[in-house]
Amino acid sequence: MIEILNPAELARAKVTGALVADILQTVRSRCTVGTNLLDIDRWTQTMIAEAGAQSCYVDYEPSFGRGPFGHYICTSVNDAVLHGLPFDYSLADGDLLTLDLTVLKGGVAADSAISFIVGDSKPAESVALIDATERALRAGIAAAGPGARIGDISHAIGSVLSAAGYSINTEFGGHGIGSTMHQDPHVANTGQPGRGYKLRPGLLLALEPWVMEDTDKLVTDADGWTLRSATGCRTAHSEHTIAITDNGAEIITLPTQAA
Ligand code: MF3
Ligand code: CO
Ligand code: CO
C-alpha cells in the first residue's frame, strides 16, 4: 500500500526524522577505537526510550531475517552492508561502519543510515566508497522534484554508482515509509527515467544507495540477519527519509545541530 500523509502527519514525520538523525549523530560522535557494537545498541535503546519513541527493529520479523531482530540499531562493519546485527565486537582503527536506524514516534516512522570510518586512518578506497554512496543519495533526492517518477530517482542513484565503477545489487533498495517502516513503492537503486509511480505531495520515501566494492553478490551471515559482500570486500550505505512536497523533496532526517 502507498500512504499519503496529511499535513499533521508530515509535521510529526519531521519530529521523528530529526530524532533519528540526532541519535545517529550522537552515536557517531561516541564511536572510537574500542567501542563495542553492543554499547552502541544500548545507547540507542536508551535514547529511543528517553525520546518517548518506539524501535521499528526490536520485534521486527521479516522474511529476510531470522526471528525478531532483537536490537535497536543496525551496525554493519566493513564487508557487512545491510541489517548488521550488533554483536560483541570492538571497533578497530580504519573500520568502515554503517549505522542504520528506524524509529516510530507520533505514529510516523523515519529511517536513515550513515557510513563513516572509525579512528584516525582514512583508507582512500573507503573514502571513495562512502563518497559515491553519498553522491548517489544526493542525486536521488535531487531527482525527486515535482512531476518526477520513482524511475527518475532510481536512474539518478544508479547513474552515480555506475559512473563511480560499482556494480549494483537490486535485492534491496529504498521504500515508502509512514505508519510502518517498509511500504510501497519500492525504490530500486537503478532504473529507467520516466517509469513507475508518479510522486505526489505527502509521500514519504526512504532512499538508500548501498554499494560493495568489487561484487554485486550478497551472503547472509551465520547470525541469520547480517548481509555481507560475497567477496569480503568493503561496503557502504547512505539513507535519508524525504517528504515529497509541492516544491520538491525535503530531507526530514537531518540533525538539529551541525556536527
Ligand atoms: N532500516 C533498514 C532499511 O533501510 C531496515 C532494517 S530492518 C532490521 O530498510 F531488522 F534489520 F533492522
Ligand atoms: Co534504514
Ligand atoms: Co530503509
Side-chain angles (χ1 to χ4, degrees), residues 2-3 13 16-17 19-25 27-28 37-38 40-42 44-45 48 53-77 80-87 97-105 108-116 133-134 136-137 140-141 144 150 153-154 157 169-189 203-212 218-228 235-243 249 251-254:
I2 293 177
E3 267 182 25
T16 312
L19 174 64
V20 165
D22 285 343
I23 293 175
L24 287 175
Q25 195 183 46
V27 171
R28 177 180 186 157
L37 301 181
L38 295 175
I40 293 174
D41 192 50
R42 277 188 282 268
T44 306
Q45 178 182 12
I48 293 171
Q54 293 85 43
S55 170
C56 292
Y57 291 175
V58 69
D59 297 324
Y60 193 48
E61 241 181 312
S63 56
F64 56 76
R66 182 191 301 150
F69 191 69
H71 291 271
Y72 296 83
I73 188 167
C74 297
T75 55
S76 304
V77 183
V81 61
L82 297 174
H83 312 158
L85 191 72
F87 68 106
L97 174 63
T98 298
L99 303 173
D100 186 349
L101 177 66
T102 314
V103 307
L104 186 78
K105 185 173 159 70
V108 189
D111 186 1
S112 180
I114 54 174
S115 285
F116 57 94
T133 64
E134 292 181 348
L137 178 55
I141 295 167
I150 294 294
I153 299 175
S154 298
I157 291 172
N169 172 302
T170 53
E171 290 172 78
F172 295 90
H175 48 93
I177 180 168
S179 61
T180 60
M181 169 167 62
H182 286 147
Q183 299 190 354
D184 289 337
H186 175 70
V187 190
N189 285 331
L203 178 68
L204 214 53
L205 290 175
L207 307 187
E208 49 182 309
W210 55 279
V211 284
M212 304 185 278
L218 286 170
V219 291
T220 306
D221 187 278
D223 68 15
W225 278 101
T226 305
L227 296 173
R228 299 181 181 277
T235 68
H237 177 206
S238 301
E239 179 174 26
H240 272 309
T241 298
I242 63 172
I251 304 173
I252 68 156
T253 43
L254 289 175

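Remember, it's 1-based here, ligands and their atoms both numbered in the order they're listed. Since this is a predicted model, take the numbers as computed values, not measurements. The residues of the chain are indexed from 1 along the displayed sequence.
Of all the atoms in ligand 1, the ones that sit under 4.0 Å from a non-hydrogen atom of Phe69 are 8 (C), 10 (F), 11 (F), 12 (F). Numbered from 1 in the order shown, with element, the atoms of ligand 1 that lie under 4.0 Å from a heavy atom of His83 read 6 (C), 11 (F). Residue contact check: Thr102 has heavy atoms under 4.0 Å from atoms 1 (N) of ligand 1. Against a heavy-atom cut-off of under 4.0 Å, Glu239 is close to the following atoms of ligand 1: 4 (O). Heavy-atom proximity to His182, at under 4.0 Å, picks out these atoms of ligand 1: 3 (C), 5 (C), 9 (O).
A donor-acceptor pair under 3.5 Å links the side-chain atoms of Glu3 to the main chain of Ser179, judged by distance alone.
Ring geometry for His83 versus Phe172: interplanar angle over 60°, hence perpendicular rather than tilted (30 to 60°).
Between Thr133 and Ser238, the side chains place a donor N or O and an acceptor N or O closer than 3.5 Å (distance only, hydrogens not considered).
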- Message: Using the rule given for side-chain contact (heavy atoms from CB on, under 4.5 Å), can you reason through Asp111 versus His175, listing the C-alpha separation, both sets of side-chain angles and the distance that settles it, and then say yes or no?
- Response: CA-CA 10 Å; Asp111 186 1; His175 48 93; 3.1 Å; yes
- Message: For Asp100 and Tyr57: C-alpha separation, side-chain torsions, deciding distance, then whether side-chain hydrogen bond (donor to acceptor under 3.5 Å, both in side chains) applies.
- Response: CA-CA 10 Å; Asp100 186 349; Tyr57 291 175; 3.2 Å; yes
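The closest side-chain heavy-atom distance from Val108 to Leu204 is below 4.5 Å. Two residues are said to be in side-chain contact when any heavy atoms from C-beta on lie closer than 4.5 Å; Pro62 and Trp225 meet this criterion. In this structure, Asp223 and Arg66 have side chains that are not in contact, with every pair of non-hydrogen atoms separated by 4.5 Å or more.
Of all the heavy atoms of His175, the ones lying under 4.0 Å from any atom of ligand 1 belong exclusively to the side chain. Looking at Trp225 against ligand 1, only its side chain comes within 4.0 Å, counting heavy atoms.
Inclusion of Asp111 in the set of residues having an N or O under 3.5 Å from an N or O of ligand 1 is warranted.
The CG atom of Leu37 lies 10.0 Å from the CG atom of Leu85; values are rounded to the nearest 0.5 Å.
If you put the vertex on the Co ion (ligand 3), OE2 of Glu208 and NE2 of His175 sit 90° apart, to the nearest 10°. The OD1 atom of Asp111, the Co ion (ligand 2) and the OD1 atom of Asp100 define an angle of 90° (nearest 10 degrees).
Among heteroatoms of the N, O or S kind in Glu239, OE2 lies nearest the Co ion (ligand 3).
Look at Cys74 and you'll find a heavy atom under 4.0 Å from some atom of ligand 1.
Nearest protein neighbour of atom 1 (N) of ligand 1, counting heavy atoms only, is Tyr57 OH, 2.8 Å. Among all protein heavy atoms, the one lying closest to atom 2 (C) of ligand 1 is Asp100 OD2, 3.3 Å.
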